[in-house]
Enquirer: 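Starting off with a structure, shown below.
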There are 2 protein chains.
Amino acid sequence: MEKKETAKERILRVANELFYHEGVRAVGIDRIIHESGVAKASFYRSFATKDDLVAEYLEQRRLQFLANIEHARKEHPESSFEQLLFLMDYLAERMKRPAYRGCSFMNTIVEFPETEHPNHVKALASRSDIWDEVTLLIQEAGLPNPHDLSEQIRMLWSGAAMVAYINKADFKPELFSVAAKTLINSHRVSAD
Amino acid sequence: MEKKETAKERILRVANELFYHEGVRAVGIDRIIHESGVAKASFYRSFATKDDLVAEYLEQRRLQFLANIEHARKEHPESSFEQLLFLMDYLAERMKRPAYRGCSFMNTIVEFPETEHPNHVKALASRSDIWDEVTLLIQEAGLPNPHDLSEQIRMLWSGAAMVAYINKADFKPELFSVAAKTLINSHRVSAD
DNA sequence: TATGAATGAGACAGATCTGTCTATTTTATT
DNA sequence: AATAAAATAGACAGATCTGTCTCATTCATA
């Protein structure tokens with residue numbers, strides 16, 4: 001038999017959708033409560049504060065992104081270099097989807113600019129976390145100066161996420177993946 | 001004799017500082033009023049609403065960025081290609097300054113995600129405006145596929161702005177300018 | 001069916017922010 | 001010096017949001 005979705009799971013699913021697509025500040029508790037069909041008291045039995053819900057939302061997003069990297073690893077189990085190239089193409093495709101609304105971590109950091117705010121802290125940590133994983137992939141691929149290349153790809157990818165969010169109509173995924181490969185190749189030849 | 005700064009100019013100067021460094025939503029009217037040493041009624045004689053002040057803040061930022069491009073043009077009056085390379089180096093240096101806090105247009109767009117909000121609309125228009133100017137520079141440099149290259153540089157530059165804001169300690173300006181030149185060069189050779 | 005626990009609906013308090021308004025003080029001009 | 005205009009300080013209303021609390025209803029189990 002199917003396990004029914006608990007109230008907490010339903011809230012988290014609705015919050016994930018609303019926070020990502022409309023912004024954390026723009027979506028109030030009342031909105032989440034109504035759309036997940038739960039009472040206010042029930043909400044506050046699952047989450048002590050709104051920020052606690054935001055933290056769990058960001059954690060979900062972190063795990064979802066790590067799954068993308070895992071997917072790339074499984075797709076090309078023999079070569080870390082191929083995993084890296086696949087990841088670039090894969091991310092490019094994801095960014096052109098209509099529902100794409102940028103990087104939840106960058107968006108949350110900008111929405112909560114106070115550096116000690118728990119939402120800011122959690123988003124920053126999540127972003128560092130996933131980026132460490134990408135850097136690891138670059139290192140495993142045996143590319144020279146992996147940290148420098150990782151930094152350049154982080155810039156390109158962060159900007160692609162913003163453009164795909166802000167200027168959706170202009171975003172061309174192949175321009176991103178070609179640029180990423182150009183940067184990767186420039187490191188290969190410069191090592192000879 | 002020196003013309004004294006008017007109340008409106010003082011408000012605008014304070015707002016420019018506070019909005020940029022702490023965020024538009026985080027800085028309230030009361031804060032701006034106190035720090036610019038003006039009364040609330042006087043403020044509302046110069047600006048009908050807070051959003052009107054935000055619009056003028058963004059307009060200031062737009063003009064400041066256009067001045068950067070103008071600076072690059074004057075520095076290398078003979079060659080648009082050199083102007084473009086100079087602009088990349090120049091922006092890289094600006095992004096590493098301690099006071100740098102990212103792109104005010106991207107930040108404002110993320111802070112006001114509702115696409116019809118006046119602050120969102122103004123920031124988006126300003127961003128498009130300055131980017132048209134960069135695209136023009138690329139066209140004048142005679143590079144092939146100027147729109148594609150412009151898009152790639154926009155991604156890289158947008159991401160560099162975010163990294164320089166969010167991960168200031170990690171930001172290395174030369175990695176940005178080298179990456180930009182790598183992308184520019186890749187267009188030159190691919191045209192042969 | 002009866003009973004106790006969990007949930008729903010929503011009122012309410014408290015905080016925060018924008019924008020208005022009033023009363024007092026300062027400034028400028030004749 | 002007198003008077004009119006403008007600026008100041010800050011109280012206040014109204015909106016919005018989070019989080020608490022009450023009370024009625026539903027649900028599960030004996």
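Keep in mind that what you see is a predicted model, and the values were worked out from it rather than measured. Reminder, nothing fancy here: chain letters follow the sequence lines and each chain counts from 1.
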Enquirer: Rounded to the Å, how far apart are A/Phe43 CZ and C/dA6 C1'?
Expert: 18 Å

Enquirer: Hey, are B/Asp148 and A/Lys172 close enough for a salt bridge, meaning a charged N less than 4.0 Å from a carboxylate O?
Expert: no

Enquirer: Measure from CG on A/Asp30 to P on C/dA9 and round the result to the nearest Å.
Expert: 13 Å

Enquirer: If you assign each of A/Arg45 and A/Lys40 to its closest nucleotide in DNA chain C, which residue comes earlier from the 5' end?
Expert: A/Arg45

Enquirer: Answer yes or no: does a side-chain N or O of A/Ser42 lie under 4.0 Å from OP1 or OP2 of C/dT7?
Expert: no

Enquirer: Specify the separation, in whole Å, of atom CD1 of A/Ile32 and atom C1' of D/dG19.
Expert: 14 Å

Enquirer: Rounding to an integer number of Å, can you tell me how far A/Glu22 CD sits from D/dC17 C1'?
Expert: 16 Å

Enquirer: So that I can tick it off, tell me whether B/Arg61 and B/Glu56 are bridged by a salt bridge, with the cut-off set at under 4.0 angstrom between side-chain N and carboxylate O.
Expert: no

Enquirer: Atom CG of A/Asp89 and atom CZ of A/Arg94: how far apart are they, to the nearest 0.5 Å?
Expert: 14.0 Å

Enquirer: Look at A/Asp170 together with B/Arg154 and state whether they make a salt bridge at an N to O cut-off of under 4.0 Å.
Expert: yes

Enquirer: In this structure, how many angstroms lie between the P atom of D/dC17 and the OH atom of A/Tyr44, rounded?
Expert: 12 Å

Enquirer: Taking the side chain of B/Ala39 as heavy atoms from C-beta outward, which of C/dT18, D/dG19, D/dA9 is closest to it?
Expert: D/dA9

Enquirer: Starting at atom CD of A/Glu114, determine the distance to atom P of C/dT16, rounded to an integer number of angstrom.
Expert: 13 Å

Enquirer: Roughly how many Å is it from CD1 in B/Ile29 to P in D/dA11, rounded to a whole number?
Expert: 18 Å

Enquirer: When you match B/Arg10 and A/Val24 each to their closest nucleotide on DNA chain D, which lands nearer the 5' end?
Expert: B/Arg10

Enquirer: Over 60° means perpendicular and under 30° means parallel, so classify the ring planes of A/Phe112 and A/His117, tilted if in between.
Expert: tilted

Enquirer: Starting the side chain at C-beta, find the nucleotide from C/dA9, D/dT18, C/dG19 nearest to A/Ala41.
Expert: C/dA9

Enquirer: D/dG19 P sits how many Å from A/Ile33 CD1, rounded?
Expert: 10 Å

Enquirer: Assuming nearest nucleotide by heavy-atom distance, tell me which of A/Ala26 and A/Ala48 is located more 5' along DNA chain D.
Expert: A/Ala26

